[in-house]
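Note that the numbering runs from 1 along the sequence shown for the chain.
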Amino acid sequence: MTASLIPSAPDAHQAARVDLAAACRLVALLGWTDLLATHLSIRVPGRHDRYLINPLGLLFEEVTASSILEVDLDGRVVGGAGDLNPAGVVIHGAIHGNVAEAEAVVHLHTREGVAVSCQEAGLLPLTQMGLMVYGQVAYHDFHGVVLDEAERATLLANMGDRSLLILRNHGTLAVGRTMAEAFSRIWRLERACRFQLAAQSAGVPLRQPPPEVVARTVEQARAIYGRTAEFFPSGRREWAALLRRLDRELPGYAD
């Protein structure tokens with residue numbers, strides 16, 4: 001009898017921890033950190049009532065698989081030792097508890113992402129990279145630090161079925177069926193924000209594609225990055241490449 005190719009529950013749980021720790025290290029490697037703030041999470045495999053999240057107090061380059069916290073949807077730590085960012089409970093608990101495909105959530109406070117979140121028009125259909133994510137971006141208005149449980153309902157309503165969220169005056173967020181998918185999505189959004197700010201900073205009139213080109217390119221983005229995509233399926237190629245870089249430059253995340 002051949003061995004099963006389906007990972008056992010302990011193996012899947014450990015793999016999720018390693019993926020989350022790797023994502024935290026990559027955030028550090030890419031310069032996306034906000035000292036100790038912001039948070040990344042991934043569901044405990046096979047459960048919709050618990051998720052894994054980075055602890056408050058560790059720099060992102062210090063996070064390892066063994067330092068990850070396991071929490072329930074109400075923010076009670078049920079596995080691991082360390083402090084938990086309460087804003088992470090409101091945001092990540094709401095999404096993991098209510099968005100079926102949100103196995104992984106990446107939330108950032110980068111310079112470029114926050115800057116675009118402060119612009120009235122938000123992300124513009126200005127660049128090819130911007131158009132790759134333009135059709136998947138939703139917006140959530142700023143109500144103060146996200147500590148109020150009541151904000152969960154409005155956040156979920158604003159997000160709807162989109163995979164990317166710009167929290168106005170705050171930052172960016174991506175969800176995915178895997179950490180690979182969520183991370184590749186947030187990378188494209190952050191890159192689009194960076195290009196937009198660079199174009200705006202030149203101080204010259206900006207040339208935007210005509211509406212019919214915008215619509216066509218948004219459809220192309222679905223073909224390139226959507227469910228049935230062959231070019232970049234679910235971020236798998238990008239994630240494998242990023243892990244190779246991480247193994248070279250910032251190893252130890254699986255410990």
Contact check, side chains of Leu52 and His13, non-hydrogen atoms, under 4.5 Å: yes
Out of curiosity, Leu26 CG to Glu249 CD, how far, rounded to the nearest 0.5 Å? 9.5 Å
Got a donor-acceptor contact below 3.5 angstrom from the Ser117 side chain to the Asn169 backbone? yes
Between the side chain of Glu151 and the main-chain N/O of Val145, is any donor-acceptor distance below 3.5 Å? no
Do Leu197 and Gln119 touch side chain to side chain, with heavy atoms closer than 4.5 Å? yes
Stepwise, does the side chain to side chain contact (heavy atoms under 4.5 Å, CB included) test hold for Glu103 with Thr178? CA-CA 6 Å; Glu103 294 292 335; Thr178 61; over 6 Å; no
Charged N to carboxylate O below 4.0 Å: is that the case for Glu190 and Arg194? no
Taking the side chain from Glu181 and the backbone from Arg177, do they hold a donor-acceptor pair closer than 3.5 Å? yes
Evaluation steps, side chain to side chain contact (heavy atoms under 4.5 Å, CB included), between His143 and Asp148: CA-CA 9 Å; His143 301 280; Asp148 188 348; over 6 Å; no
Contact summary for Pro125 and Gln208, nearest pair of heavy atoms: CG-OE1, 3.9 Å
About how many Å separate CG of Leu242 and CZ of Arg237, when rounded to the nearest 0.5 Å? 14.0 Å
When you check the gap from the basic side-chain N to the acidic O, do Arg216 and Glu219 get nearer than 4.0 Å? no
Check whether any side-chain heavy atom of Val71 lies under 4.5 Å from a side-chain heavy atom of Val77, and answer yes or no. yes
Side-chain contact test, heavy atoms from C-beta onward, threshold under 4.5 Å: evaluate it for Thr217 versus Tyr134 and give yes or no. no
Does the gap between the ring centers of Trp32 and Phe183 come in under 6.0 Å? yes
Heavy-atom distance under 4.5 Å between the side chains of Val137 and Leu165, does that happen here? no
Which of these passes side-chain contact (heavy atoms from CB on, under 4.5 Å) with Ser184: Arg236, Glu238, Met179? Glu238
Let's go through Leu123 and Tyr139 carefully: what are the C-alpha distance in whole Å and the side-chain angles of both, what is the deciding distance for side chain to side chain contact (heavy atoms under 4.5 Å, CB included) to 0.1 Å, and is it a yes or a no? CA-CA 10 Å; Leu123 185 70; Tyr139 294 85; 3.7 Å; yes
Please check: side-chain N/O of His107 versus main-chain N/O of Thr172, any donor-acceptor pairing under 3.5 Å? yes
Rounded to the nearest 0.5 Å, what separates atom CD1 in Ile95 from atom CG in Leu155? 5.5 Å
Backbone of Ala28 reached by a side-chain donor or acceptor of Thr33 within 3.5 Å: no
Run the numbers on Arg152 and Glu149 for side chain to side chain contact (heavy atoms under 4.5 Å, CB included), then give the verdict. CA-CA 6 Å; Arg152 285 184 167 189; Glu149 295 285 335; 3.2 Å; yes
When rounded to the nearest 0.5 angstrom, what distance separates CG in Asn98 from CG in Leu156? 5.0 Å
CG (Leu40) and CZ (Arg25) are apart, to the nearest 0.5 Å, by 13.5 Å
How are the rings of Tyr225 and Phe232 set to each other: parallel, tilted or perpendicular (split at 30° and 60°)? parallel
Could you check whether any side-chain N or O of Arg43 sits under 3.5 Å from a backbone N or O of His96, counting only pairs where one atom can act as donor and the other as acceptor? yes
Rounded to the nearest 0.5 Å, the CZ atom of Arg17 sits from the CG atom of Leu69 at a distance of 8.0 Å
Under 3.5 Å, side chain of Asp74 to main-chain N/O of Arg76, donor-acceptor pair present? no
